[in-house]
Amino acid sequence: MGREKIALGLTVYNTFISSLFKVGKKDEAYWILEEMKISGCKPHTVTYNAKIHGFCIENDFDAAYKVLDHMVEEECKPNVISYNIIIGGLCKDGKWSEANDLFEDLSRLGYKQDIVSFRTMFLGLCDCRRFNEAAIFLDEMLFKGFAPFSEGRKKIVDGLCEKGDMELLIKVLSSLGNANLIGVDTWELVICSMAYKKEILSISNVYEKLNSLMVP
């Protein structure tokens, strides 16, 4: 495109920079960023979010936070996506407590937690096997009208079946049921998990207890 003297727009630069950060080629990405500035194409929030994502992949969260500071210096305001990326990165690195602190801090920073914020945090808690915290978070999430990904629902149900925490499992199933989020796949998962653990008789107990808790 350069040889043909075709102008490289913001979208092209953002795509290229994002790809370079994803595969760990930071030096090349920085070179493209400099070229981008020289060409008069000012970096956008999407550009900086690509950098944040690249640092989070490497678990370099100090660098990711520094990008946020740099954005402010460049008068390019971060958006909720900028913070969601860091929350997701922290969760993947097992830093669920730090991720939750950042999630809770969003309002103070002037951002409204969106569905991605909630889904990312819930899935992160499940990945870290913090099922008690995930169950509490699930209720808050559902109360605000946000539904977790099917992957998140599967992880919490599967994890509680594996752990054998029937009391918390019933509570989670009740919350999901009241939000019409229990499907055949969920029951299949419960049955298969209990069958594997040779707890077949517990299935009917779970089902009966769940029916007594469900809102008609």
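What you see is a predicted model, and the numbers here were worked out from it, not measured in a lab.
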Notebook entry, point to check: Could you give all pairs that pass the side-chain hydrogen bond (donor to acceptor under 3.5 Å, both in side chains) test and reach residues 55-67, with sequence neighbours left out?
Noted result: Lys26-Glu58, Asn59-Asp93

Check: Is Val46 reachable from Ile85 through a run of I, L, V, M, F, W or Y residues, each pair having side-chain heavy atoms under 4.5 Å apart?
Finding: no

Checklist line | Residues forming a side-chain contact (heavy atoms from CB on, under 4.5 Å) with Thr45, sequence neighbours excluded | finding: Asn49, Met71, Cys76, Asn79, Ser82

Next item on the list: May I ask whether Leu168 and Met166 are part of the same hydrophobic cluster, defined by side-chain heavy atoms of I, L, V, M, F, W, Y residues being less than 4.5 angstrom apart, directly or through others?
Entry: yes

Margin query: Once rounded to the nearest 0.5 Å, what's the spacing between atom CG of Asn100 and atom CG of Leu90?
Written below: 11.0 Å

Item checked: side-chain contact (heavy atoms from CB on, under 4.5 Å) partners for Lys77, two or more places apart -> Tyr111

Next item on the list: Just grab all the ring-ring contact (aromatic ring centres under 6.0 Å, His included) pairs involving residues 126-182, residues at least two apart or on different chains.
Entry: Phe103-Phe137, Phe118-Phe137, Phe118-Phe146

Margin query: For Ala147, give me all partners under side-chain contact (heavy atoms from CB on, under 4.5 Å), at least two apart in sequence or on another chain.
Written below: Leu181

Check: According to a 4.5 Å side-chain heavy-atom criterion applied to Ile, Leu, Val, Met, Phe, Trp and Tyr, with indirect links allowed, do Leu109 and Tyr48 form part of one hydrophobic cluster?
Finding: yes

Note to self: Tell me whether the count of non-hydrogen atoms from other residues, nucleotides or ligands lying under 6.0 Å of NZ in Lys95 goes above 12.
What the structure shows: yes

Note to self: The criterion is side-chain contact (heavy atoms from CB on, under 4.5 Å); which residues satisfy it with Glu133, sequence neighbours excluded?
What the structure shows: Trp96, Leu125, Arg130

Check: Do Arg153 and Ser150 come within less than 4.5 Å of each other through their side chains, counting heavy atoms only?
Finding: yes

Notebook entry, point to check: Around atom CD1 of Ile81, are there more than 12 heavy atoms of other residues, nucleotides or ligands at under 6.0 Å?
Noted result: no

